[in-house]
Number of protein chains: 2
Amino acid sequence: MNKKTESRKEEIVRVAAKLFKEKGYSAVTMRDLAAAMGIKAASLYNHINSKQEILQLIVIAIANEFTSEMKSIQSSNDSCINKLHKIIQLHVKLSSQNSYGMACLNNDWMHLEDQLDHYKTLRTDYENDFRKILEEGINTGEIIHVKPEIMMFSILTTLRSLYVWIPKKDDINLQELSNTLSEILIKGINK
Amino acid sequence: MNKKTESRKEEIVRVAAKLFKEKGYSAVTMRDLAAAMGIKAASLYNHINSKQEILQLIVIAIANEFTSEMKSIQSSNDSCINKLHKIIQLHVKLSSQNSYGMACLNNDWMHLEDQLDHYKTLRTDYENDFRKILEEGINTGEIIHVKPEIMMFSILTTLRSLYVWIPKKDDINLQELSNTLSEILIKGINK
DNA sequence: GTCTATATTTTGATAGAC
DNA sequence: GTCTATCAAAATATAGAC
């Protein structure tokens with residue numbers, strides 16, 4: 001969204017995500033957030049109902065994006081290896097678009113209250129879809145036969161940590177990063 | 001250390017690490033910790049000086065272990081690939097020995113106060129040593145020629161996230177886990 | 001839409017009895 | 001070594017003026 005059309009509420013959520021990434025949800029106070037916005041804490045409540053609402057807006061929006069895109073990848077006719085390439089591209093895209101939000105998703109989801117169960121469901125579904133792609137690749141012979149659980153863990157934790165690393169390297173072309181990651185994660189590093 | 005010889009202070013640190021893993025340092029109160037110990041919050045202060053001291057004891061101890069072991073690996077005569085195998089084993093070992101502490105190290109280091117700079121130095125040194133091993137492997141032709149930074153990121157984030165995953169899978173033989181991880185991280189998953 | 005003022009709860013930490 | 005009682009600071013959130 002264009003910054004000129006960004007609402008005050010959206011601005012609060014964006015600034016909050018940045019602070020949450022640096023110190024974590026619990027360690028950021030409404031006064032910290034207000035100071036970063038250049039207003040007083042009480043003024044925040046004219047736009048949002050609670051600190052908890054901010055966290056929900058950040059986390060659930062991204063989780064829904066992952067869910068939606070995974071369903072699209074899953075229903076395509078690509079080979080398993082190509083589905084994995086697409087998943088890698090998805091994580092690179094969302095991590096570069098919103099590295100602050102990705103940090104919240106990864107580190108602060110457990111501080112969700114009402115939406116905690118909903119988030120857990122989305123996350124488990126995503127992992128199940130990922131695992132199914134690996135299992136199918138093993139069955140068709142595209143992928144080596146090691147425990148899909150360990151393979152998924154290895155790949156997914158790398159992708160989930162991209163937010164730590166992408167903002168430091170914004171000079172790198174994102175397509176190149178996706179390609180290099182695909183090479184490392186899928187082909188390995190052994191010569 | 002044997003539980004029978006575990007001091008009350010060590011017990012507090014151990015229980016705190018478990019709570020910190022679940023909710024993060026900032027979200028755990030001294031009252032939470034006291035309740036988990038079966039005593040009142042005020043009683044904790046007979047054994048420790050502050051909440052901050054607990055965090056320091058958890059994080060710095062593990063960081064020192066990583067530093068010490070990395071120096072040992074670095075000074076060995078192993079090939080670069082074998083040095084990587086040893087690093088993987090090191091992370092599996094420390095993550096299985098103390099998954100709660102590893103979670104703190106990864107998620108709560110930024111809440112260190114006096115020891116923050118010291119921790120950052122240890123972490124940067126570790127990453128530099130790791131990168132040097134990869135660069136040497138590229139030079140000698142043992143390892144494919146991709147940016148060592150991306151390769152290190154990919155491997156290290158997987159290893160740093162082991163704590164999430166190991167306690168769920170304690171039925172898995174740790175040597176087998178090290179071997180499978182080595183296979184995935186070094187040889188890749190492509191057939 | 002932001003402010004001041006304030007209510008209410010929670011926090012880390014201390015003092016002193018037992 | 002643990003307790004009760006308590007402090008001082010900091011937290012989320014609300015009310016009402018401008």
Side-chain angles (χ1 to χ4, degrees), chain A residues 1 3-60 104 107-116, chain B residues 1 3-60 104 107-116:
Chain A
M1 172 171 278
K3 275 195 183 180
K4 286 174 185 170
T5 64
E6 184 186 48
S7 71
R8 204 86 172 108
K9 182 170 183 172
E10 288 165 338
E11 190 185 354
I12 289 171
V13 171
R14 180 172 54 80
V15 172
K18 183 171 184 176
L19 298 184
F20 291 167
K21 180 186 178 182
E22 289 163 7
K23 299 170 58 180
Y25 173 77
S26 301
V28 174
T29 71
M30 295 302 273
R31 285 169 181 79
D32 291 336
L33 176 54
M37 292 285 299
I39 58 178
K40 297 291 176 180
S43 306
L44 292 170
Y45 291 89
N46 208 52
H47 306 281
I48 50 97
N49 294 314
S50 65
K51 188 184 175 187
Q52 176 67 202
E53 187 196 7
I54 299 175
L55 182 65
Q56 286 176 18
L57 288 170
I58 296 169
V59 173
I60 302 296
C104 289
N107 303 321
D108 288 320
W109 61 267
M110 74 286 286
H111 299 118
L112 286 171
E113 293 165 11
D114 295 346
Q115 299 284 324
L116 180 59
Chain B
M1 173 171 276
K3 274 193 183 180
K4 285 176 186 171
T5 63
E6 183 186 49
S7 71
R8 204 82 171 109
K9 182 171 183 172
E10 288 165 338
E11 190 185 355
I12 288 171
V13 171
R14 179 173 54 81
V15 172
K18 184 171 184 177
L19 298 184
F20 291 167
K21 180 184 179 183
E22 288 164 7
K23 300 172 59 181
Y25 173 76
S26 301
V28 174
T29 71
M30 295 302 274
R31 284 167 180 78
D32 291 336
L33 176 54
M37 293 283 300
I39 58 177
K40 297 291 176 181
S43 306
L44 293 170
Y45 291 89
N46 208 54
H47 306 280
I48 50 97
N49 294 313
S50 65
K51 189 184 174 186
Q52 177 67 201
E53 187 195 7
I54 299 174
L55 183 65
Q56 286 176 17
L57 288 170
I58 296 169
V59 173
I60 302 297
C104 288
N107 302 322
D108 288 320
W109 61 266
M110 73 286 284
H111 300 118
L112 285 171
E113 293 166 11
D114 296 347
Q115 299 284 323
L116 181 59

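Order of the sequence lines fixes the chain letters, A, B, ..., with proteins taken first and strands second; residue numbering starts at 1 for each chain. This is a predicted model, so every value here is computed, not measured.
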query: After noting the C-alpha distance and the side-chain angles of A:L33 and A:I54, does the key distance pass the side-chain contact (heavy atoms from CB on, under 4.5 Å) rule?
result: CA-CA 11 Å; A:L33 176 54; A:I54 299 175; 3.6 Å; yes
query: Would B:E6 and B:R14 count as a side-chain contact (heavy atoms from CB on, under 4.5 Å) if you check the C-alpha gap in whole Å, the side-chain angles of each, and the deciding distance to 0.1 Å?
result: CA-CA 10 Å; B:E6 183 186 49; B:R14 179 173 54 81; 2.7 Å; yes
- request: Please test B:K21 against B:I58 for side-chain contact (heavy atoms from CB on, under 4.5 Å), starting from the C-alpha separation and ending with a verdict.
  value: CA-CA 11 Å; B:K21 180 184 179 183; B:I58 296 169; over 6 Å; no
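Taking atom CG of residue B:N46 and atom C1' of nucleotide C:dG12, one finds them 16 Å apart after rounding to whole Å. Between the CZ atom of A:R8 and the P atom of C:dG1 there is a distance of 8 Å, rounded to whole Å. Between B:K40 atom NZ and D:dG1 atom C1' there is a gap of 15 Å when expressed in whole angstrom units. Residue B:L33 contributes atom CG, which lies 12 Å from atom P of D:dT2 at whole-angstrom precision. A:M37 has its CE atom 11 Å from the P atom of C:dG1, to the nearest Å. For the pair B:L44 CG and C:dT11 C1', the interatomic distance rounds to 14 Å; values are reported in whole Å. Remark: C1' of C:dG12 and CD1 of B:I12 are 15 Å apart, rounded to the nearest angstrom.
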statement: Given protein heavy atoms under 4.0 Å, the one-letter contact record of nucleotides 11-18 of chain D, with B base, S sugar-phosphate only and - none, is simply BBBBB---
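Taking 4.0 angstrom as the limit, A:S43 places a side-chain polar atom (N or O) nearer than this to OP1 or OP2 of C:dC3.
A:E53 pairs by the salt bridge (charged side-chain N to carboxylate O under 4.0 Å, His left out) definition with A:K9, not counting sequence neighbours. Considering only residues two or more places apart in sequence or on other chains, B:D108 meets the side chain to side chain contact (heavy atoms under 4.5 Å, CB included) condition with B:F20, B:Y25, B:L55, B:C104, B:H111.
In this structure, B:Q52 contributes its side chain and B:E113 its backbone to a donor-acceptor pair below 3.5 Å.
Sorted by first then second residue, the salt bridge (Lys or Arg N to Asp or Glu O under 4.0 Å) pairs that include residues 26-46 of chain B, not counting sequence neighbours, are B:K23-B:D32.
Here the shortest heavy-atom pairing between B:K51 and B:V28 reads NZ-O, 2.7 Å. For the pair A:L19 and A:A36, the tightest heavy-atom approach, listed with the atom from each and the gap, is CD1-CB, 4.0 Å. Scanning all heavy atoms of the two residues, the minimum distance from A:L116 to A:M110 falls at CD1-CA, 4.3 Å. Considering every non-hydrogen atom in both A:T5 and A:E10, the closest pair reads O-OE1, 4.1 Å.
Rounded to 10 degrees, the angle separating the terminal helix axes of the helix from C:dG1-D:dC18 to C:dC18-D:dG1, each built from five base pairs, is 10°.
Between D:dC3, D:dG1, C:dT2, one nucleotide has an atom nearer to the side chain of B:H47 than all others, and that is D:dG1.
Of the residues in residues 109-116 of chain A, none lies under 4.0 Å from DNA chain D by heavy-atom distance.
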